[in-house]
There are 2 protein chains.
Amino acid sequence: MGIAEEIKQKKFKTEYSKAVVNLIYTNSWLHQTHVKLFKPFGLTTPQFNILRILRGQHPEPSTVNLLIDRMLDKSSNASRIVDKLEEKGLVLRKQCGHDRRAVDVFISKEGLDLLSQLDKEMESWEKQSRKLSEEESKVLNDLLDKIRS
Amino acid sequence: MGIAEEIKQKKFKTEYSKAVVNLIYTNSWLHQTHVKLFKPFGLTTPQFNILRILRGQHPEPSTVNLLIDRMLDKSSNASRIVDKLEEKGLVLRKQCGHDRRAVDVFISKEGLDLLSQLDKEMESWEKQSRKLSEEESKVLNDLLDKIRS
DNA sequence: GTACATTAAATGTAACTACATCCTTTTCAA
DNA sequence: TTGAAAAGGATGTAGTTACATTTAATGTAC
């Protein structure tokens, strides 16, 4: 079912304005599936995102500023997300050696273990529900990059 | 700049998993621009979305359930968004004639006027910042529809 | 008609986001 | 060296979302 039927809007002024709506709608759809996927593991989507960035840096630490810089959703509060992850024992905070304003954030063993479980979940979800080929995905990536350019 | 450079993630397992991240990131980018666009008019993005649905139905009313059904972001609370719009005089609520549980929501003259102002803003924003042709937009729409299929 | 399930919407609440402000440390110009 | 500006992060708060519960009206089986 196309976006027009989905939200019962018959006409769009241009294909582009339809694409803008479609992007928002598809993102919302995707977000719902992620929420359902992460919930059994007690993680929200921003928490998952931060954990993945930390793993990307591992074993090097990340400062909070680096996390903000790389977060997908710039609007959420990195400092407080790290609070939550720390409470759960998934990350560690240490004062940075050479700049005492900065904080080094590390992913813990528990964090890495949780992520590797989630990797499996994500992978099997992708396999099951994936509708695009690699070539189609490549085209989509190029178009999305172009929108923001 | 492609998504990989943008969030400094060098490698993705598949083009599809890259597209998933790209979709989230691009949506966030788009959301920021909408927030900036609507702010001078005192509207949030869900409020704008609800107003547009109401205009689509106008002069027929919409029930709250219809709004929920068509909202782009299913997670937000339609009833409370209508509260805000009502406070601002942009919509009216009336008890529905033949089902007294239901509420008919109408867009007001003020609401229509505000939207037509915003239309102009949106249009000039689209003209300025638009990077995709109609054909490219069409391809994007098809791919997004396919992801959700 | 009466009881029970269902539906439409509103509301309570805990958590989260958005944004401003604060605190501490660092930088840098005079 | 010292005082102002800037940077990194934490925190306060108002508003919003997520989700469960409540209230009221309708539908339905008996």
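Note on naming: letters A, B, ... go to the chains in the order of the sequence lines (proteins, then strands), and numbering restarts at 1 for each one.
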Starting at the 5' end of DNA chain C and moving along, which residue's nearest nucleotide shows up first, Arg100(A) or Gln47(A)?
Gln47(A)
To the nearest 0.5 Å, how far apart are CD in Glu121(A) and CZ in Phe38(A)?
10.0 Å
Would you mind building the protein contact string for nucleotides 7-15 of chain C? One character per nucleotide, 5' to 3', B for base within reach (heavy atoms under 4.0 Å), S for sugar-phosphate only, - for untouched.
BSSBBBB--
Of Val35(A) and Gln95(B), whose nearest nucleotide on DNA chain D comes first from the 5' end?
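Upstream on the strand: Val35(A).
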For His31(B), ring-ring contact (aromatic ring centres under 6.0 Å, His included) partners two or more places apart:
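Expected list: none.
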Asp73(A) and Asn49(A) side chains, donor-acceptor separation under 3.5 Å
no
Does Lys127(B) have any side-chain hydrogen bond (donor to acceptor under 3.5 Å, both in side chains) partners at least two apart in sequence or in another chain, and if so, which?
none
Looking at Lys131(A) and Ser149(B), would you say the former's side chain and the latter's main chain have a donor-acceptor pair under 3.5 Å?
yes
Okay, side chain of Asn141(B), backbone of Glu15(A): is any donor-acceptor separation there less than 3.5 Å?
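Confirmed, Asn141(B) side chain pairs with Glu15(A) backbone.
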side-chain hydrogen bond (donor to acceptor under 3.5 Å, both in side chains) pairs, two or more places apart, involving residues 58-69 of chain B:
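Checked against side-chain hydrogen bond (donor to acceptor under 3.5 Å, both in side chains) - neighbours excluded - the pairs reaching residues 58-69 of chain B are Lys8(A)-Asp69(B).
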Which is the 5'-most and which the 3'-most nucleotide of DNA chain D that has an atom under 4.0 Å from a heavy atom of chain B?
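Here the contact window of chain B covers dT16(D) to dT26(D).
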The criterion is salt bridge (charged side-chain N to carboxylate O under 4.0 Å, His left out); which residues satisfy it with Arg80(A), sequence neighbours excluded?
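Once residues adjacent in sequence are excluded, Arg80(A) has no partner under the salt bridge (charged side-chain N to carboxylate O under 4.0 Å, His left out) criterion.
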